[in-house]
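Bear in mind the structure is a predicted one, so any value in this text is a computation, not a measurement.
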Amino acid sequence: MSGLTFFDFENLPAPRHGVPLADRLIEGEPKFTTWDIETSADGTVTSGIWEVTPGAYWSIKGDSWEFCSILSGVSELIEEGLPPRRVQAGDSFVMKPGFKGIWRVIETTRKLWVQKD
């Protein structure tokens, strides 16, 4: 068994679908599609591809840490108390535990993510 997992964008596994929790929805009808790619043996580290359609909702990280790399689309992250930050293809960032802000999707956005719970 290989110690490598490759993200094969042409052959993704069956996705999970979702929407923001009702109390987090701000505007529009954003819809989430998530393709889970790899999970650590203890289940604390996960990775995959995530896509969201236009709209806006509260993003709250709680205790998790997440690395994100935007693959396509345009969104705006508005962290409480800070100016908006536009993200688009090629941008990478970490959402730290305790992050709370608005994720406003301008154009359907797809990202690669790695999360540590």
Side-chain angles (χ1 to χ4, degrees):
M1 187 160 127
S2 176
L4 298 172
T5 297
F6 288 91
F7 285 59
D8 181 353
F9 296 99
E10 301 303 319
N11 190 27
L12 294 170
R16 292 184 288 118
H17 298 281
V19 296
L21 297 172
D23 63 339
R24 293 187 184 183
L25 182 63
I26 295 171
E27 66 185 39
E29 295 180 22
K31 293 179 179 37
F32 307 143
T33 304
T34 304
W35 295 269
D36 296 309
I37 303 296
E38 183 68 35
T39 301
S40 64
D42 66 1
T44 63
V45 180
T46 55
S47 64
I49 306 296
W50 177 81
E51 186 174 270
V52 60
T53 60
Y57 62 94
W58 282 101
S59 176
I60 302 170
K61 289 314 298 172
D63 294 332
S64 64
W65 177 99
E66 182 179 349
F67 168 80
C68 304
S69 183
I70 303 297
L71 301 171
S72 62
V74 178
S75 285
E76 189 175 64
L77 297 175
I78 309 163
E79 188 172 2
E80 282 192 319
L82 296 173
R85 183 77 186 254
R86 184 180 175 101
V87 295
Q88 57 195 19
D91 290 336
S92 298
F93 53 92
V94 170
M95 297 174 84
K96 299 175 188 177
F99 171 83
K100 182 178 180 184
I102 296 170
W103 187 294
R104 184 177 311 282
V105 183
I106 299 163
E107 296 173 8
T108 296
T109 300
R110 183 178 280 203
K111 71 178 182 180
L112 178 151
W113 55 270
V114 178
Q115 182 168 300
K116 169 90 169 89
D117 290 325

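- Connection of Trp113 to Val52 is established within a shared hydrophobic cluster, with ILVMFWY side chains joined at heavy-atom distances below 4.5 Å, either directly or through further cluster members.
- Partners of Asp23 according to the side-chain contact (heavy atoms from CB on, under 4.5 Å) rule, which considers only residues two or more places apart in sequence or in another chain, are Leu21.
- When all heavy atoms of Ser47 and Val114 are compared, the pair lying nearest together is CB-CG2, 4.0 Å.
- Taking CZ of Arg85 as the start and CD1 of Ile78 as the end, the distance is 13.0 Å to the nearest 0.5 Å.
- Side-chain atoms of Ile106 and Arg86, non-hydrogen and from C-beta on, do get closer than 4.5 Å to each other.
- Taking OG1 from Thr46 and NZ from Lys116, the interatomic distance works out to 10.0 Å, rounded to the nearest 0.5 Å.
- Sorted by first and then second residue, the salt bridge (Lys or Arg N to Asp or Glu O under 4.0 Å) pairs with a member in residues 5-14 form an empty list; sequence neighbours excluded.
- Partners of Glu27 under the side-chain hydrogen bond (donor to acceptor under 3.5 Å, both in side chains) rule, at least two apart in sequence or in another chain, are Arg104.
- By the side-chain hydrogen bond (donor to acceptor under 3.5 Å, both in side chains) test, Ser2 pairs with no residue at all, sequence neighbours left out.
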Kindly list each side-chain donor-acceptor pair under 3.5 angstrom involving residues 36-44, sequence neighbours excluded, with atom names and distances?
| from | atom 1 | to | atom 2 | distance (Å) |
| --- | --- | --- | --- | --- |
| Asp36 | OD1 | Arg16 | NH2 | 3.0 |
| Asp36 | OD2 | Arg16 | NE | 2.7 |
| Asp36 | OD2 | Arg16 | NH2 | 3.4 |
| Glu38 | OE1 | Thr5 | OG1 | 2.8 |
| Ser40 | OG | Asp42 | OD1 | 2.7 |
| Ser40 | OG | Gly43 | N | 3.4 |
| Ser40 | OG | Thr44 | N | 3.3 |
| Ser40 | OG | Val45 | N | 3.1 |
| Asp42 | OD1 | Thr44 | N | 3.0 |
| Asp42 | OD1 | Thr44 | OG1 | 2.8 |
| Asp42 | OD2 | Thr44 | OG1 | 3.3 |

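- When hydrophobic side chains of Ile, Leu, Val, Met, Phe, Trp and Tyr are connected at separations under 4.5 Å, Leu4 ends up clustered with Phe6.
- Around the CD atom of Glu29, the shell of radius 6.0 Å holds no more than 12 heavy atoms that belong to other residues, nucleotides or ligands.
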Please tabulate, for side-chain N and O atoms in residues 53-61, each donor-acceptor pair with protein atoms closer than 3.5 Å (sequence neighbours left out).
| from | atom 1 | to | atom 2 | distance (Å) |
| --- | --- | --- | --- | --- |
| Thr53 | OG1 | Lys31 | N | 2.8 |
| Lys61 | NZ | Glu66 | OE1 | 2.4 |
| Lys61 | NZ | Gln115 | OE1 | 3.3 |

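- Remark: Ser72 engages no residue in a side-chain hydrogen bond (donor to acceptor under 3.5 Å, both in side chains) (not counting sequence neighbours).
- Connection of Phe99 to Trp50 is established within a shared hydrophobic cluster, with ILVMFWY side chains joined at heavy-atom distances below 4.5 Å, either directly or through further cluster members.
- For Arg24, there are no side-chain hydrogen bond (donor to acceptor under 3.5 Å, both in side chains) partners at least two apart in sequence or on another chain.
- In this structure, the side-chain contact (heavy atoms from CB on, under 4.5 Å) partners of Leu77, at least two apart in sequence or on a different chain, are Val87, Phe93, Trp103.
- Separation of atoms CZ (Phe7) and CD1 (Ile49) is listed at 5.5 Å; rounding is to 0.5 Å.
- Among residues at least two apart or in separate chains, there is no ring-ring contact (aromatic ring centres under 6.0 Å, His included) pair with a member in residues 62-88.
- Nearest heavy-atom pair, Pro30 versus Pro20, reported as atom, atom and distance to 0.1 Å: O-CD, 3.3 Å.
- Remark: Ile26 CD1 to Ile102 CD1 distance equals 3.5 Å, nearest 0.5 Å.
- By the side-chain contact (heavy atoms from CB on, under 4.5 Å) test, Pro15 pairs with His17, Thr33, Trp35, sequence neighbours left out.
- Interatomic distance, CG of Leu112 versus SG of Cys68, reported as 9.0 Å (0.5 Å rounding).
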